[in-house]
Amino acid sequence: MGNKGLKYAIRDGFVGLRRHPLIILVAITTMFIVFFLLGAFIMFALNANHLLKEAGETPPVEVQFEVGVDPNVVQNLAEQFASNENIVEYKLMSPEDNMKDFIDLMDKEGLFDEFDYTQHIPWTILLRLSNPQLGPAFKEAVMATPGVYDVMMEASLMQTLQKAIRGVSLVSAIVFAVLLFVCILVISNMVRMIALSRSNELSIMKAVGATDLYIRIPFIIQGVFLGLVAALISIALLSVGYRFLLQQKDNIIGGSLLPLANVAGSAILIVVVFAILISGVTSSLSVRRYIQV
């Protein structure tokens with residue numbers, strides 16, 4: 001088939017879209033739902049991993065020293081933390097700082113005027129680890145430091161967060177597989193219905209010498225075009241919905257979400273590529289199956 005034949009085949013693909021408006025509408029609507037769910041789940045998965053990582057870093061690890069410990073011991077350990085790449089940030093709290101926080105929390109400043117905090121309140125260091133899994137090993141190493149009384153952390157919470165992250169990844173793979181199967185069924189049935197409605201026309205085209213490729217191209221063009229339209233509509237609505245969610249996040253979620261620019265790029269790329277590849281491949285295979293070309 002030459003360039004002229006290819007041109008007519010492509011044109012016939014777009015012209016054919018106007019012949020079956022009801023079928024096209026059903027196909028676009030169904031694929032839109034599939035791609036919308038896929039895009040929404042991509043955004044959810046990205047934010048879930050972000051929130052879980054953020055939550056895993058948020059619970060502070062508190063290093064508590066013995067009361068009356070030499071301040072030099074505290075300073076030396078703080079300097080080690082400053083050069084430790086596994087520590088995101090740390091905050092050194094003197095007994096006076098801890099006492100002030102306690103008074104602010106109790107909101108009864110005059111009640112502790114004669115309280116000698118130096119005899120009861122220790123130095124502490126609050127810090128966050130870059131990876132929650134480092135918690136047990138970090139605690140063991142710090143507890144070996146002379147003058148350290150205890151290292152308190154939410155180890156069980158950190159392990160739960162790690163399991164949750166793995167769970168999100170597994171669910172993402174399962175949902176993607178299900179949506180892929182649904183999308184293939186939708187496109188395959190669309191090609192089947194169009195092929196059945198044009199059976200007489202296609203028989204005449206084959207009888208007068210039209211090549212299999214010439215007959216197949218319009219169906220592939222239709223499948224790819226409809227998939228792309230459904231993908232773009234879904235991305236547009238997802239972007240609007242995500243903007244609204246960002247504006248209402250404090251009331252709805254109470255946590256920090258990724259900016260739209262951080263999730264839109266991944267969602268658009270995956271959904272559009274997914275739509276084009278799946279629509280094109282499924283249309284091509286369905287044409288061979290239903291009209292034997």
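Sequence positions, counted from 1, serve as the residue numbers for this chain.
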TODO: Say whether, by atom type as modelled, one donor and one acceptor occur between the side chain of D150 and the main chain of F65 under 3.5 angstrom.
DONE: no
TODO: Could you pull out the closest heavy-atom pair between L46 and N262, with the gap in Å?
DONE: CD1-O, 4.5 Å
Open item on the list: The criterion is side-chain contact (heavy atoms from CB on, under 4.5 Å); which residues satisfy it with L232, sequence neighbours excluded?
Closed with: L228, V272
- [ ] Working to the nearest 0.5 Å, report the span between CG of L92 and CG of D97.
- [x] 8.0 Å
- [ ] Evaluate the side-chain proximity of E96 to I121: yes if any heavy-atom separation is below 4.5 Å, no if none is.
- [x] no
Task: Pairwise distance CE(M31) to CD1(I278) - rounded to 0.5 angstrom - done: 12.0 Å
Task: Residues that T30 engages under side-chain contact (heavy atoms from CB on, under 4.5 Å), provided they are two or more places apart - done: V26, V186
- [ ] Quick one: list whatever passes side-chain contact (heavy atoms from CB on, under 4.5 Å) with V142, sequence neighbours left out.
- [x] V63, L77, F81, F138, V148, V151
TODO: May I ask whether Y149 and V67 are part of the same hydrophobic cluster, defined by side-chain heavy atoms of I, L, V, M, F, W, Y residues being less than 4.5 angstrom apart, directly or through others?
DONE: no
TODO: Can you see which heavy atom on L129 is nearest to which on L127, and at what distance?
DONE: CD2-CD1, 3.9 Å
- [ ] Using ring-ring contact (aromatic ring centres under 6.0 Å, His included) as the criterion, list what pairs up with Y242, not counting sequence neighbours.
- [x] none
Task: Check: L260 and R243 side chains under 4.5 Å, non-hydrogen atoms - done: yes
Open item on the list: Using a 4.5 Å cut-off between side-chain heavy atoms of Ile, Leu, Val, Met, Phe, Trp and Tyr, which other residues end up in the same hydrophobic cluster as F181?
Closed with: L185
Open item on the list: Within this structure, what is the CD1-CG distance for the pair I87 and L134, rounded to the nearest 0.5 Å?
Closed with: 10.0 Å
Open item on the list: Just verifying a value: how many Å separate I268 CD1 and S239 OG, rounded to the nearest 0.5 Å?
Closed with: 5.5 Å
Task: Test log, rule side-chain contact (heavy atoms from CB on, under 4.5 Å), inputs F32 and L237 - done: CA-CA 10 Å; F32 158 74; L237 292 182; 3.5 Å; yes
Open item on the list: For T29 versus L25, what's the shortest heavy-atom pair and its separation?
Closed with: OG1-O, 2.7 Å
Open item on the list: Just to verify, what does F44 make a ring-ring contact (aromatic ring centres under 6.0 Å, His included) with, not counting sequence neighbours?
Closed with: F41
Task: Close side-chain approach of E62 to I125, heavy-atom, < 4.5 Å - done: no
Open item on the list: Side-chain heavy atoms under 4.5 Å apart, restricted to Ile/Leu/Val/Met/Phe/Trp/Tyr: what other residues fall into the cluster of L277, or is it alone?
Closed with: L269, V273
- [ ] For the pair N47 (side chain) and L258 (backbone), establish whether a donor and an acceptor sit closer than 3.5 Å, ignoring hydrogens and angles.
- [x] yes
Open item on the list: Distance check, rounded to the nearest 0.5 Å: I42 atom CD1 versus L238 atom CG?
Closed with: 9.0 Å
TODO: Quick one: list whatever passes salt bridge (Lys or Arg N to Asp or Glu O under 4.0 Å) with E66, sequence neighbours left out.
DONE: none
Open item on the list: Test of understanding: with ring-ring contact (aromatic ring centres under 6.0 Å, His included), list the residues that count as partners of F274, not counting sequence neighbours.
Closed with: F35, F176
- [ ] Measure the shortest side-chain to side-chain distance between I235 and F36 over non-hydrogen atoms and say whether it is less than 4.5 angstrom.
- [x] no
Task: Partners passing side-chain contact (heavy atoms from CB on, under 4.5 Å) against L37 (at least two apart in sequence or in another chain) - done: I33, L179
- [ ] Using atom types as modelled and distance alone, determine if a side-chain donor or acceptor of T282 lies under 3.5 Å from a backbone N or O of S279.
- [x] no
Open item on the list: Once ring-ring contact (aromatic ring centres under 6.0 Å, His included) is applied, do any residues pair with Y90, and if so which ones, sequence neighbours excluded?
Closed with: none
- [ ] Sequence neighbours left out, what pairs pass salt bridge (Lys or Arg N to Asp or Glu O under 4.0 Å) with at least one residue falling in residues 70-87?
- [x] none
Open item on the list: Return the OG1 to CE distance between T124 and M152, rounded to the nearest 0.5 Å.
Closed with: 8.0 Å
Task: Validation row: K91, M93 side chains within 4.5 angstrom (heavy atoms) - done: yes
- [ ] Kindly say whether G280 contributes a backbone atom to a donor-acceptor pair with the side chain of S283 at under 3.5 angstrom?
- [x] no
